[in-house]
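This report concerns only the one structure given below.
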Amino acid sequence: MRRSISLLCLILAACATPDDPYAAFMHNTVLVTQPWGEVDHLQLSADHAYVMYGVRFPEGHGAWSIEDGKVCLMPGDTPETRGQRFCNAWAGRRVGDRWNIEVAGQTVPMALAAGRLGPVRTPASPP
């Protein structure tokens with residue numbers, strides 16, 4: 001019996017992998033405070049796609065990657081966003097974490113909120 005338990009422990013240890021530092025982003029929502037004060041909802045997916053919900057721009061899609069320890073967002077290919085790439089270090093790792101990034105010389109506050117919040121509700125949005 002001891003031998004079986006020891007063997008099981010060795011197998012489990014061999015299969016264990018370190019936690020993905022970006023896993024929290026796949027299951028929750030990043031709140032992005034835009035320079036005009038709007039708080040958008042950014043949701044990353046494991047397939048390296050993202051969706052961002054806001055008021056001014058209700059729904060945007062793009063791709064994300066990790067490069068040199070930074071999260072890089074590449075908005076979908078539209079005339080306004082063609083070729084844009086925003087790379088920043090994201091300090092948030094747990095729900096409730098807050099941090100700032102820099103985009104085009106502007107400080108952008110970020111936070112990690114629990115769950116997949118979906119579209120931003122506005123006064124005109126149905127409940």
Side-chain angles (χ1 to χ4, degrees):
M1 180 67 145
R2 268 190 200 175
R3 189 172 177 185
S4 296
I5 292 173
S6 296
L7 181 58
L8 179 60
C9 289
L10 284 172
I11 291 170
L12 290 174
C15 294
T17 59
D19 288 346
D20 178 358
Y22 299 96
F25 298 117
M26 303 312 135
H27 305 289
N28 297 295
T29 300
V30 178
L31 303 179
V32 181
T33 303
Q34 299 292 351
W36 52 86
E38 175 183 316
V39 178
D40 293 346
H41 298 171
L42 175 63
Q43 297 174 338
L44 304 183
S45 297
D47 66 357
H48 288 266
Y50 75 80
V51 62
M52 188 170 204
Y53 300 104
V55 174
R56 192 176 284 199
F57 306 102
E59 187 172 321
H61 297 266
W64 69 274
S65 63
I66 303 296
E67 298 174 21
D68 297 323
K70 295 180 178 181
V71 177
C72 295
L73 301 176
M74 291 76 62
D77 194 22
T78 67
E80 297 82 26
T81 61
R82 187 166 288 128
Q84 291 183 353
R85 175 187 217 78
F86 304 99
C87 297
N88 281 279
W90 287 15
R93 294 288 190 258
R94 290 182 284 202
V95 169
D97 283 353
R98 296 179 178 282
W99 67 100
N100 293 320
I101 64 170
E102 294 292 321
V103 176
Q106 299 243 10
T107 298
V108 177
M110 311 271 280
L112 188 58
R116 304 293 266 185
L117 300 180
V120 174
R121 294 202 183 273
T122 65
S125 295

TODO: Write out all pairs satisfying salt bridge (Lys or Arg N to Asp or Glu O under 4.0 Å) with one or both partners inside residues 49-72, taking only residues at least two apart or from two chains.
DONE: E67-R85
Task: Hydrophobic cluster (4.5 angstrom, side-chain heavy atoms) - remaining members for M74 - done: none
TODO: Quick one: name the residues clustered hydrophobically with V39, using the 4.5 Å side-chain heavy-atom rule over I, L, V, M, F, W, Y, and just say none if it's on its own.
DONE: L31, L117
- [ ] Give, for atom CG of N88 and atom CG of L73, the distance between the pair rounded to the nearest 0.5 Å.
- [x]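 Reported to 0.5 Å precision, the distance equals 8.5 Å.
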Open item on the list: Can you pull out every side chain to side chain donor-acceptor pair (under 3.5 Å) where at least one residue sits in residues 27-41? Sequence neighbours excluded, please.
Closed with: T29-Q43, Q34-D40, W36-E38
Considering only distance and modelled atom types, tabulate donor-acceptor pairs under 3.5 Å from the side chains of residues 98-111, sequence neighbours left out.
unit_1, atom_1, unit_2, atom_2, d
E102, OE2, T107, OG1, 2.7

Task: Counterpart residues, ring pair (Phe, Tyr, Trp, His ring centres under 6.0 Å), relative to Y50 (two or more places apart) - done: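 Result, ring pair (Phe, Tyr, Trp, His ring centres under 6.0 Å) vs Y50: none returned.
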Task: ILVMFWY cluster, V32 and F57 together (side-chain gap under 4.5 Å) - done: no
- [ ] Give a yes or no on whether V95 and L42 share a hydrophobic cluster (residues Ile, Leu, Val, Met, Phe, Trp, Tyr; joining criterion: side-chain heavy atoms under 4.5 Å apart).
- [x] no
- [ ] Walk me through it: do F25 and W64 pass the test ring pair (Phe, Tyr, Trp, His ring centres under 6.0 Å)?
- [x] CA-CA 12 Å; F25 298 117; W64 69 274; 8.4 Å; no
TODO: Mind jotting down which residue pairs meet the disulfide (SG to SG under 2.5 Å) criterion with at least one end in residues 80-120? Sequence neighbours excluded, please.
DONE: C72-C87
Task: Results of side chain to side chain contact (heavy atoms under 4.5 Å, CB included) for S45 - residues two or more places apart only - done: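 Side chain to side chain contact (heavy atoms under 4.5 Å, CB included) check on S45 returns D47, R116.
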